[in-house]
Novice: 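Structure incoming, see below.
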Amino acid sequence: MTIFTLDEVEKTFTNGEIEENILKGISLSLKEGEITALVGTSGSGKSTLLTIAAGLQPASNGEVLFDGNNLTTMSDEQVRKVRAKEFGFVFQFAHLVPFLTVEEQLMLMLEVSGSTLSKKEQKNEVDQVLDVIGMEHRKNAYPSSLSGGEKQRVAVARAIIHKPKVLFADEPTASLDSKRSKDMMELIRYLTKKMNITTLMVTHDEEMLSYVDRILQMSDGMVLENE
Amino acid sequence: MNIGWKEIKKNKSRFLILGSIVFLVSLLTMIISGLANGLSQDNAALIKDLPEGHFYMSEDAEETYNLSRIDTDVQNEIMNKHPDAVALSIQMGFLNDQDDKQQSVAFVTSTNSDLFEQVNKGEVIVDRSLKEKGIKTGDRLTNNQLRDELVIKGFVEQKKFSHAPVAYINREDYKKMYNVEQMQLVFIPGEDSAQSFTGLQSYSNKDFLSTIPSYNAEQMSLTMIVSFLIVISGMLFAIFFYMMNIQKIGLYGILKAIGIKTSRLFKMIWTQMFFITIIALTLSISLSHVFNLIAPEGMPFHLTIETTTQLSIIFLVVGFIGATLSGLQIRKIEPLRAIQQGED
């Protein structure tokens, strides 16, 4: 079942008098629970495509349809609500809140997403997720005392704790070594499959492609291959 | 979850430094306000303690009360029309105590009124500050311009004029001392608007205070210092939060990307601002009121709950404005830019 559709999406940047087409009419669909990787050379437009799909910047033309709703016609506040409730994000760096413990990072995400669970239920939910990512023993730790790999695992936990429908991951393993990158991808795959979360991921690491269901090759603002 | 409070808990030293600066600035402001009020009382308690109303002095006195002479007929006309009106005169002078030591005083005499102490001929009631200089009830004091002695009948609390203790004397004695028949001023209490009398100019209590030599200059200097301190405290908040926000642009961007409302980030700053300010103000109010109690007797320090409440409200409003101005940059932060930045 298709959950996400991009229809003839274009993105144009104006630099002085020069107009640059970063995305040239991209159309694609994402199926529920599927992990899709966007690959391509630097400047091919893959990160721009991901951020437009995630509602972090508007498209110049075209439509972004999520679960039957057109993100391109929504107000900023409506898009914010969709992002908070339905989307999860993992970036190249963990970007954790430095003054919140691991447990508080996840509790905050549940609160932001508008969770209707009681405080006790939320704590149980957090404990379960931390158990899955092997971080329960560090739940009272602050980010400054975590290793790079641990921080990124917490970032993944924060991205899925509220059970989003779509996970957007922009180079999630770029700041990790080879061993930790594989662990990270295994974790993302395990969690998204278990929770039936659709994933759109940007990566330049070919080793990570073995963990995805579908690869979209991008070049010069267009999708070349749809494997 | 109160993320503002969580940040304070995690970064105690950073917020302690800001809190300490706000505490010191607010304490200094309270102390200077106390001195300003104290000097104001020392300069004009006699006038400031009167109810709201209007003073009248002769037009040709050109706003100098001791050059004013109220025509007796006009005075009688006013007194007949306004039974609560009072005619009064004030002159700076000296009293010689029993050790022949000169004490500077402001002689005050008036027609019958509850607003000013009334004494019989040959008697004087003085401000309590003279008691600390060894003058007692029953003492016989002299004046170089008065042949007769003046007997101390009693003391009054905090009645000063032009930084000198007030000495209430009888009209007959005043006339002999200064060789004048007319009074200088007429005061009519409780009037909403001034009335017109031939040859007289009206002044509200506040306007009349301005005619006292040095009163305005003294108060303006102190008010300016207090105003600067308040502005500085607002700038402190604006600069502190601006610097903190600059460091957290990446974080704010990520928080916005995951769906946190901009208004929640503002609430975080406001919570921190109010928390710091309230603690700093509580400490500075307590300390300044302790100082009010232990200040040396001769120091003109007068700090009321009303003044500290007003200053506290001003500090909170200025702090709020400062913190809000610094937070305006949060509105401009785009999640996308923050994501593209490296980690802090």
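Note that these values count all heavy atoms, side chains included, but never hydrogens, waters or copies made by symmetry. Predicted model, so just to flag it, every value in this text is computed and none were measured. Just so it is clear: chains get the letters A, B, ... in the order the sequence lines come, proteins before strands, and each one is counted from 1.
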Novice: Can you establish whether the number of heavy atoms outside A/E77 located under 6.0 Å from its atom CD is more than 12?
Specialist: yes
Novice: Which pair of heavy atoms, one from A/S144 and one from B/K10, lies closest together, and at what distance?
Specialist: OG-NZ, 4.3 Å
Novice: Checking an interface table here. Which of residues 114-130 of chain A come within a heavy-atom distance under 4.5 Å of chain B?
Specialist: none
Novice: Heavy-atom count check: over 12 atoms from other residues, nucleotides or ligands less than 6.0 Å from A/F13 CZ?
Specialist: yes
Novice: Taking C-beta and beyond as the side chain, do A/V112 and B/R264 meet within less than 4.5 Å on heavy atoms?
Specialist: yes
Novice: Could you tell me which residues in residues 21-44 of chain B have at least one non-hydrogen atom under 4.5 Å from a non-hydrogen atom of chain A, sorted by residue number?
Specialist: none
Novice: Could you tell me which portion of A/E171 (side chain, backbone, both or neither) has an atom closer than 4.5 angstrom to a non-hydrogen atom of chain B?
Specialist: neither
Novice: Within the 4.5 Å heavy-atom criterion, are A/R80 and B/K256 side-chain neighbours or not?
Specialist: no
Novice: Please classify the contact of A/L100 with chain B as side chain, backbone, both or neither, using a heavy-atom distance under 4.5 Å.
Specialist: side chain
Novice: Would you say B/K267 has more than 12 foreign heavy atoms packed within less than 6.0 Å of its NZ?
Specialist: no
Novice: With respect to chain B, which residue among A/M107, A/K81, A/E104 yields the maximal number of heavy-atom pairs within a distance under 4.5 Å?
Specialist: A/E104
Novice: Could you state the interatomic distance from CZ (A/F99) to CE (B/M268), rounded to the nearest 0.5 Å?
Specialist: 3.5 Å
Novice: Checking A/P164 against chain B: side chain, backbone, both or neither under 4.5 Å from a heavy atom?
Specialist: neither
Novice: Measure across B/A257 and A/F91 and return the closest heavy-atom pair with its distance rounded to 0.1 Å.
Specialist: CB-CZ, 4.4 Å
Novice: Side chains of A/R158 and B/I254, heavy atoms from C-beta outward: is any pair under 4.5 Å?
Specialist: yes
Novice: Is there any side chain to side chain donor-acceptor pair (under 3.5 Å) pair reaching into residues 272-281 of chain B, and which pairs are they, with sequence neighbours excluded?
Specialist: B/E7-B/Q272
Novice: Quick one: pull up CD1 in B/I260 and CE in A/M109 and give me the separation to the nearest 0.5 Å.
Specialist: 8.0 Å
Novice: Are A/L108 and B/I3 packed together at the side-chain level, in the sense that at least one heavy-atom pair is separated by less than 4.5 angstrom?
Specialist: yes
Novice: For the candidates A/G55, A/A159, A/P98, which exhibits the highest count of non-hydrogen atom pairs separated by less than 4.5 Å from chain B?
Specialist: A/P98
Novice: State which residues pass salt bridge (charged side-chain N to carboxylate O under 4.0 Å, His left out) with B/R128; sequence neighbours excluded, sorted by chain then number.
Specialist: B/E157
Novice: For atom OH of A/Y142, is the number of surrounding heavy atoms from other residues, nucleotides or ligands below 6.0 Å larger than 12?
Specialist: yes
Novice: Which atom names give the shortest non-hydrogen contact between B/G259 and A/A84, and what distance separates them?
Specialist: CA-CB, 3.8 Å
Novice: Are more than 12 heavy atoms, taken from residues, nucleotides or ligands other than A/M195, located less than 6.0 Å from that residue's CE atom?
Specialist: yes
